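Not measured: the values here are computed from a predicted model. Note: hydrogens, waters and symmetry copies are ignored here, and every other heavy atom, side chains too, is used.
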Amino acid sequence: MKTAEEEASSNDVQVLRLTPSVKQLHGVTSQDFNNLLKDSENLTINYRTSTGLLLKLDLEKLAGLLPAHLASELISSKRDESLFRYLLCGVRLLHSLCDLSSRNSKFEQIFLDDVKVAGQLIEVAFFMLTVLAGYRQEDSAFSHVHIMHSTLVACNLYLITGFISTQWRDIVHVLLAHPKVDIFIDAAFGSVRVVVRSLETTLVAYNKDISMESNLTAERRVYYLCQQCEASLQFLQSLCQQKMFKERLLKNKDLCEKGGILLLAQSILKLHIQPHASNRITAAISRLKAKLLSILLSLCEAENISYLDEVASSTKSLELSKSVALEVFDLLKKDFGKNPGKLTADRSHPMGFVQLNAMRLADIFSDDSNFRSYMILCFTEVLTAIISLPHGDFLSCWCSSNLSDTEEDANLEYDIFAAVGWVLHNTSPDVKEATDLEFNLTPNSMLKASYAHHRTSLFIKFFANLHCFVPNVCEEQERNLFVLKVLECLNMDLSNLLPEFSFDSDAPRAATASRNLRSLLNHAESLIPNFLNVEDIQLLRVFFGELQSRFTPNGSGRNRAQKTQDSKFERSSWDKFSKLNINEWYQEAQSAGGRSLPLTGKLPADLDKKGGKIKEGMSENSSYPNLEQHNTKAEDKIQGSGLNRQSHVENKGISGKTASGGTRDTDKDAHKIETSGSDASSAKGKNVSVHMDKGELSKSNERLKKVAVENPEDEKFELAQRKKRKRTIMNEEQVLTIERALVDEPDMQRNAALLQSWADKLSSNGSEVTSSQLKNWLNNRKARLARTAKDVRPVTADVDNPVSDKQKGAALGCHDSPIAPGQYVMLVGQQGEEIGKGNVFQVQGEWYGKALDGNALDGFGVCVVDVCELRVDKGLQLPFTSEAIGSTFAEAHTKFGVMRVIWPTNKMMALRSD
C-alpha cells in the first residue's frame, strides 16, 4: 500500500501502516470511494484525512490485506474495549469495500476473480465469530464492551451477505460447501447466545431503574442492544428457513441433541420487561421472542430428521425442552389473559407474531408423544378458563373473523455502517451529546380475517390433539386424560388466569363451557378446508360429547321405570358435578379398560334455569338435535381411528389420502344438515333440523351414507396437512420395498447391521431413512398388526338403522350353516351392530398372505367379502390389515375397485329374503 509520505516494499511495513489507514478510512462510505475512483485510471485513490494528511491508497491491495490484518489483531491483542473499537473500524471499512464492488465494475473483479480474497473474507468472518462466541462477560451491565461485542457479532454475520450474495439460497450453498461450515454454525449460535446474555444482564439493571452517569441513557443503551440482538437472530432465522441449512443444523449434536439451541431459546423467552419500559423496547423484546419461536418451528417441521426426537434422546435435553415448552405455555397464558377490548398499549411498533408462533409450536407439542402429557398437565387450566369465558367474550375472541387486535411482524433492515458509527460516536469519551439510532422495520402483516382463522384453528387443534388417543403411541393411562383434567379444572376458580375478563360467578361453568364449545364447533365448519381438516373437528366433537357424558354420568337409554328416579337425578346432577372427584372418574376409566363412557348430548332438565337457556343457545349457535347419536359414532370412529392417526404415525403414506377422503365428504354433507358454515353470530347457524321431521332426517342420514369419496380440493388440503404434520418418513415405493423384505427377514428390527443395510437401500429410493427411524417404524408396524388381530373396536350401533328381525339370519361360520362364494351376508360389529352388506368372494385357501377358513368348525374362521352397501364411515379401521389389502374400507376400494375385505365369520349373518 502506498501513501504520500513513503512507499513500503515489505509486507511487514504494509501491515504496520494498515492501522492508521483503518482508523482514518472507516468513515468513508462506498459511495465516497466510488466517487474517488472516477478520477483514477486504476484502483488507486488520493484521500485527504480530517487532519489534512493526503493519503495515496491502492484499494486492491487494501482489500487483499485487510482480512488477514484484522485476524492477526484479534489473535495478538488483548480482548478489551480498545481492541473491539479497532475491530469495529476494520469491519466497517471492510463493509464499505464489499459494498463498493456493487458500484464499481473494476473493483468488482477483485471479488469475482480473486478466489484468495473471497476465501479470506469468509475465513475472517468465521474466525471472528468463533472468538466472539467464546467471550466471557466480566463487565458491568452498562459496559461499553457489551455494546461493541453485540455490534461485532451482527456485523460479521451481515458481512457474509456483503461478499457472497443477498439471496439466502446462494448464501446457504456457499456456506455448506465450505469445509468449516460446522464451525461457523457453532460460532454463529454461540455468539448470539453471548449477546442475549449481555442483553439479559443490562435488562435486569434497567428494570431496577439504575441511573446512568454518562449521556448514553439506560433506555437508549438497552434499545440498541435489542436491535443488535434482533438483527443477529433474524440472520439465523433466515438461514433456518432454508431446507439444506436446516438439515445440516439438525445433524449438529451440540446444538440439537445436547440442547444448545434450547439454551438460546430459554434465555430469550425468559427476557423480562417491567411495565415502565418504553414501547419500543417492549416491542423489540417481543419481536425477539417471535423470531426465536420461528426458528424452533422451522426445526420442528423438518422433513427428514425429527428435532423433538433428537432433544428427547437424553434425559437432560428432554428436561430442558420441557422447560422451554413451559415458557411457551406461560407466554400463551399471558397473551390469552389480555382482553382485546381493553387494550391501551401503544401499537406503533410491530410486536411480531409471538402469539401465533407460540400457538403453532404448542400445536406441535400437543401432537408429540414426548410432550402431550406434559402439555395436558401444564396448559389445561388455561384452555378450560377460555371455554369458561362469558359467552359474548368467547364469541368475540374465538368465533369471530374480525378481531379487534391482531399481531404485526416486521423485518429489521440492518445497516453495518450506521451501527458501527453509532457505537463509535456514543462510546467515545469526548462525546457531548448522545445520539439515537433506529433501524427501519419492514412490516409483515396478515389480513385480520386470516389471522383470526389461523388463531382459532390452532385453538381447536389443541383440543383435537390432546384428546386424540393413538393406541400404539400413547400410554394407556393417557386415554381420556385430557377430559378428566378439564373436568377437574372446571371445579376450580380460574378467573385469575384471564385477569382482564370478568367471569360470572353465579353461572354454572359446565353449562357455559358446553355453550361455548357448541359455538366453537359451529364456527369451525367455516374453517374447512383452508385452516382445518375434518379429522380435527371430528375429534373436537368427540371431546365435547365425552365431556357432556361426564356431566350426566347415567348417560342415555333410560326406561320408563327409571323415569322418576332419573328426574330426581337430573335436578341434582349439577350439584353433584360441583363435588366431582377426578380420581374416582379416572379409576372408573381405568377399570373399564380405558374405554370411554357412552356419549350423550342430553342435558339435565334444569340446565335452562342455571345455564342461561342452553336450548336457546343451541338454536342461536348450532344445531345438534341428534348430538347423542352423532358423538357416539364419531367417538368410535376416532377410537379405531386412533388407528387412522396411528397409520400416519407409522408412516403408511398411502392410507392418509384415500381413507380420509370418505370421512371428509361424509362429514361435509353432515355439516349441511347439522350446522352452518359461518361465524357463530350468523343467523345461518340457527337450528336447521327443527324444520325436519323424523322421516326427513332419516332420509337425510341415508343420503349421508352414500356420499361420494372424491373431492380434489380436500385431497389437496389433506396432502398439505400431512406434509405439515410430518407423519410419513417413507414414500409408497419404500414401504412396498420393506414389506417385501420382511417376508424373508421378519425379525429385521433385532439385527442392527440388517437395519442399517436396509435403511441405506431405502434412502436411495426416496427421502433419507435412518436405522433408528426404520427400527421404530418396524416396531410400530408389529404392534399395530398384533393389536388389530386381538382387539378390534368397530363403530357403535347406528340408532337410525338398527338391524331388523327380517334382516337377521343365522350366524355364519358354524357347521350347520356353511359359507359359499356368492352368498349374500351382513357384516356386524363387536356389539352386533350392522356394518354393511355384501357377497362372499372367497372362503378357502390364501388371500394376500392370509389363510382363509370360512367354515372352521370352531366358528372363528375368516373369509373375503365384497361389500356393496356400507352403513358406516369408509375410514373405519378393518379387523385385518396389511399394505397390500389396505387398512380401511376406503383403501380397499382404491386397491381393488370394490370394498373387498377380510372379515371374521362369527361377525357375519346370512341374509334371508322377505
- Task: Test side-chain hydrogen bond (donor to acceptor under 3.5 Å, both in side chains) on Asp186 and Asn252 and set out the steps.
- Result: CA-CA 8 Å; Asp186 285 330; Asn252 188 305; 2.9 Å; yes
Which is it for Ile387 and Phe459 under the side-chain contact (heavy atoms from CB on, under 4.5 Å) test, yes or no, and what are the steps along the way? CA-CA 11 Å; Ile387 63 174; Phe459 181 68; 4.2 Å; yes
Go through it in stages, so that I can follow the logic: the residues are Tyr414 and Gln228, the test is side-chain hydrogen bond (donor to acceptor under 3.5 Å, both in side chains), and I'd like the CA-CA distance, side-chain angles, deciding distance and then a yes or no. CA-CA 9 Å; Tyr414 192 69; Gln228 300 306 308; 2.6 Å; yes
- Stepwise, does the side-chain contact (heavy atoms from CB on, under 4.5 Å) test hold for Ile738 with Met748? CA-CA 10 Å; Ile738 198 64; Met748 183 187 298; 3.7 Å; yes
- Apply side-chain contact (heavy atoms from CB on, under 4.5 Å) to Leu539 and Phe543, showing your working. CA-CA 6 Å; Leu539 281 165; Phe543 166 80; over 6 Å; no
* Just do the side-chain contact (heavy atoms from CB on, under 4.5 Å) check on Glu310 and Leu250 with the steps written out, would you? => CA-CA 8 Å; Glu310 291 294 314; Leu250 286 168; 5.6 Å; no
With salt bridge (Lys or Arg N to Asp or Glu O under 4.0 Å) as the test, would you mind laying out the steps for Glu123 and Lys180 before giving the verdict?
CA-CA 9 Å; Glu123 289 284 346; Lys180 296 181 180 179; 3.2 Å; yes
Candidate pair Glu381 and Lys333, rule salt bridge (Lys or Arg N to Asp or Glu O under 4.0 Å), full reasoning
CA-CA 10 Å; Glu381 287 186 6; Lys333 288 179 185 178; 5.9 Å; no
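The backbone N or O of Ile376 lies less than 3.5 Å from a partner atom in the side chain of Thr380, making a donor-acceptor pair. Between the side chain of Asp368 and the backbone N or O of Ile364 there is no donor-acceptor pair closer than 3.5 Å. Looking only at distances, no side-chain donor or acceptor of Gln355 sits under 3.5 Å from a matching main-chain atom of Glu407. Side chain of Arg169 to backbone of Gln242: no donor-acceptor contact under 3.5 angstrom is found. Side-chain N or O atoms of His149 include one that pairs as donor or acceptor with a backbone N or O of Leu132 at under 3.5 Å. Between the side chain of Ser150 and the backbone N or O of His146, at least one donor-acceptor pair lies under 3.5 Å. Panel note: side chain Lys289, backbone Leu271; a donor-acceptor pair is recorded below 3.5 Å. Within the 3.5 Å criterion, the main-chain N or O of Asp363 finds no donor-acceptor partner in the side chain of Asp367. Between the side chain of Asp760 and the backbone N or O of Ser763 there is no donor-acceptor pair closer than 3.5 Å. Here the side chain of Asn156 pairs no donor or acceptor atom with the backbone of Leu129 at under 3.5 angstrom.
Contact of the Tyr307 side chain with the Glu301 side chain is not registered, since no non-hydrogen atoms from C-beta on lie closer than 4.5 Å. Leu296 is listed as a side-chain neighbour of Val324, based on a closest heavy-atom distance under 4.5 Å. The side-chain heavy atoms of Val172 and Lys243, taken from C-beta on, include no pair separated by under 4.5 Å.
Summarising the geometry, atom SG belonging to Cys300 is positioned 6.0 Å from atom CZ belonging to Phe365; distances are rounded to the nearest 0.5 Å. A distance of 11.5 Å separates CD in Gln234 from CG in Leu157, rounded to the nearest 0.5 Å. Between the CG atom in Leu203 and the CD1 atom in Ile281 there is a gap of 7.0 Å [rounded to 0.5 Å].
Heavy-atom minimum distance, Leu318 versus Asn370: CD1-CB, 4.5 Å. Summarising the geometry of Leu494 relative to Cys489, their closest heavy-atom pair is CD1-O, 3.5 Å, with the distance given to 0.1 Å. Scanning all heavy atoms of the two residues, the minimum distance from Cys240 to Phe245 falls at N-CD2, 4.0 Å. When all heavy atoms are compared, the tightest approach of Ser450 to Phe531 is O-CE2, 4.0 Å. Shown here for Leu262 and Ser317, the closest heavy-atom pair between the two residues is CD1-O, 3.8 Å. Nearest heavy-atom pair, Tyr206 versus Ala277, reported as atom, atom and distance to 0.1 Å: OH-CA, 3.7 Å.
Considering Phe379, Phe463, Phe469 as possible partners of Phe482, the one that fulfils the ring-ring contact (aromatic ring centres under 6.0 Å, His included) test is Phe463.
Between Lys270 and Glu200, no side-chain nitrogen of the basic residue sits less than 4.0 Å from a carboxylate oxygen of the acidic one, so the salt-bridge criterion is not met. Ionic pairing of Lys485 and Glu488 is present here: one or more N-O contacts between side-chain nitrogen and carboxylate oxygen are shorter than 4.0 angstrom.
The aromatic rings of Phe126 and Phe184 lie parallel to each other, their planes meeting at an angle below 30°, with 60° marking the opposite boundary.
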